[in-house]
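Structure first, then comments.
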Amino acid sequence: MASPTQTPPVNDPHADEASFAETALKLGGKSDDEARRTGAIDKADDQVESLFAPRYQTVNSPAHRAVWERRVPAAEFVGTPAGVPEEVEHVMQASLDVVRRHKDAGTLYNEDERVREEVLDELGQAGYWGLLVDNEYGGFGAEFTAVARFLTQMATLDGTIAGLASIHGCIGAVDPVKTFGTEEQKRLWLPRLASGERLSAFALTEPGAGSDLTALKTTAVLDGDDYVINGEKLFISNVRPGRTIGLVCLVDGKPAVIIVDLPDEENEHFQLKKYEIFALRHLYNRGILFKDFRVPRGNLLTPPKGDGLTIAYHGLNLGRVSLCANAAGTMRLMLKSMLPWAEYRVTYSEPIVRRELVERRLGEMAGLIVGADALVTWCANLLDLGYRGEMECIIAKIFGSEAQKHAAIELFMKTHGGRSFLAGHPFGDNVHDYLAPCIYEGEGEMLGMAFFKSLVKDHGKRYFEPVGKAMAAAGIKKPNPLNPRHAWVLSKVAGPYVRWLLGRKLGGQGAAELPATMAPALQHHAKYACYQLPRMALEIDAAMQKFQLKLADRQCKMADLSLRTQNLITMLVTALYANQQSDPIVRDAADILCQQLRRKVSGGLTPDRYYKQVTDLGRRIAAGEADGVGSLGLGAITPPPILERYDS
């Protein structure tokens, strides 16, 4: 997996400059404190961006170019499945065997319903925890594209264990040490993290610091050769005594990340804060209380640019794609569970599997699965190529979490009816796990606005910021081109923007170069997405014109523009992905999803032909056409037993 090249810390001549967000908020009349706090987050984002070569930064990413260029670079929306080396394939199969064996024997969880330590140890022996660690540090150096698709397989057996791989390898201590650690730090921690001797977590959230990461209060004060840590962390998944965490705290008043090996037992300096939490109930989720807890000064990670927020932001993209991969596996398990129940459940002398509503649910579930598969393959491939992938990975996270929520409530629960709420039923036992991804790794609509910010940032800095600064300098709060004084001030700075706007409106757009051979339905969707995406630039620009410096307060408008852009990109990625597949189930499922996404973008009504297509797809899935390896792979999944049978 490609990652930004680490260089020694340098003095950044722009370090004290206000970020785009801070400047815009100040010009828009926000308080200095809000502007400063938001600017700190924005600057951390800029610093992560600077770690990547220009070719792989956000402005050159496929999602950004699709909107702001006249021609969609369609070839960059096709993910290439990774080849899996024999050694890595062996690790993956051995890991699946461990989980399958314990699941069949009923020994996966302990008396607290958490994953047993013995299972975690056996996974370590299989090599599970070292997939994303480089070979020279005891891992297997697997490409993320291969690992992400593997996590989908693991999630069909157990979503918690698939999630633990992401917590450990993506947002836990592995990625921070691997990306920002010195050679000495890498050799100290990575071999133990790869073997599973030290499982890891990331401690970021605090009681008052969630999405507002500038509200951190946990401190680390240098005392001789140690940092002395005081503070409280909350909602830390996979934390127990004896684990290793990446701790985000304040060092000299600035965010920093310190790698902390937790003691094997609690003591007066380190205690776990226990609380009941419904989500992720099969792993340990705890808070941590630090009181004069000492850590060697050599445990501090130092990024080449930025601070601890730079480190925290970097690993999030891996976790977001992993979440979507997990959702693809979880929805497969839901779909497989629906089939025997729908065959068994009889109403008015007819199995419900033959009812149109149930057939529609089966077909729509397949569409969501294929969409998640497509996004996972595409995003993971971009990360392997070296892209930052911020916008693309946000799309995957939002789609995966919202698809899983919709699948669980509207398709899975409603098909199983009242039995969904029985103890032992997958829905009743795991409903909070199905919903939690909408919040974890960033709440969906908040992330959607982060996507929008990344989408408009370059355009705003290039054309709107100079105008805003000129207006502010002239004491003009609301520019009016009909006012001669305002027009005079605008004439000095608005030239580049006017040229861009006229060029975009009068210059037209080029047709995207799609694959020479595409199934007609998939080609239809891809062409629509490629036509609409560049048109979003003018619609977004119009919103920026209308609301100007108050756009930051128009969260609903930003969320709407963001989601429509995301839906168009998901449509394009799904159509191109399905075109690479030979299985008709996958292609038809992609067609179903793309039709749904198109209606969300255009606001159109659902035609009768859609219902005919989706119910036909549901009937074919019920007949076993989705069981093959080249299809959705449902044949390899064991469904849970039917509860409270009425023929026993």
Side-chain donor-acceptor pair present, Thr330, Asn326, cut-off under 3.5 Å: yes
Pair Gln613-Asp588, side-chain donor/acceptor within less than 3.5 Å: no
Charged N-O contact under 4.0 Å between Arg360 and Glu356: no
Nearest heavy atoms of His282 and Thr160, plus distance in Å: CB-OG1, 3.5 Å
Arg620 bridged to Asp616 by N-O distance under 4.0 Å: yes
Polar side chain donor-acceptor pair, Glu122 to Tyr128, under 3.5 angstrom: no
Pair His168-Ser200, side-chain donor/acceptor within less than 3.5 Å: yes
Side chains of Ile236 and Arg286 in contact at under 4.5 Å (non-hydrogen atoms): no
Ser562-Gln566 side chain donor-acceptor pair, cut-off 3.5 Å: yes
Polar contact flag, side-chain donor to acceptor under 3.5 angstrom, Glu118-His102: no
Charged N-O contact under 4.0 Å between Arg114 and Asp112: no
Contact check, side chains of Ile621 and Leu339, non-hydrogen atoms, under 4.5 Å: yes
Whether Phe427 and Tyr434 hold their rings parallel, tilted or perpendicular, with breakpoints at 30° and 60°: tilted
Arg599 NZ/CZ over Tyr610 ring centroid, <6.0 Å and within 45° of normal: yes
Distance-only donor-acceptor check, side chains Arg116 and Thr107, under 3.5 Å: no
Polar side chain donor-acceptor pair, Glu445 to Gln555, under 3.5 angstrom: no
Residues Lys233 and Glu206 bridged, charged N to O under 4.0 Å: yes
salt_bridge(Glu441, Lys397) N-O dist < 4.0 Å: no
Lys/Arg N to Asp/Glu carboxylate O, Glu410 vs Lys405, below 4.0 Å: no
Salt bridge Arg240-Glu265, side-chain N to carboxylate O under 4.0 Å: no
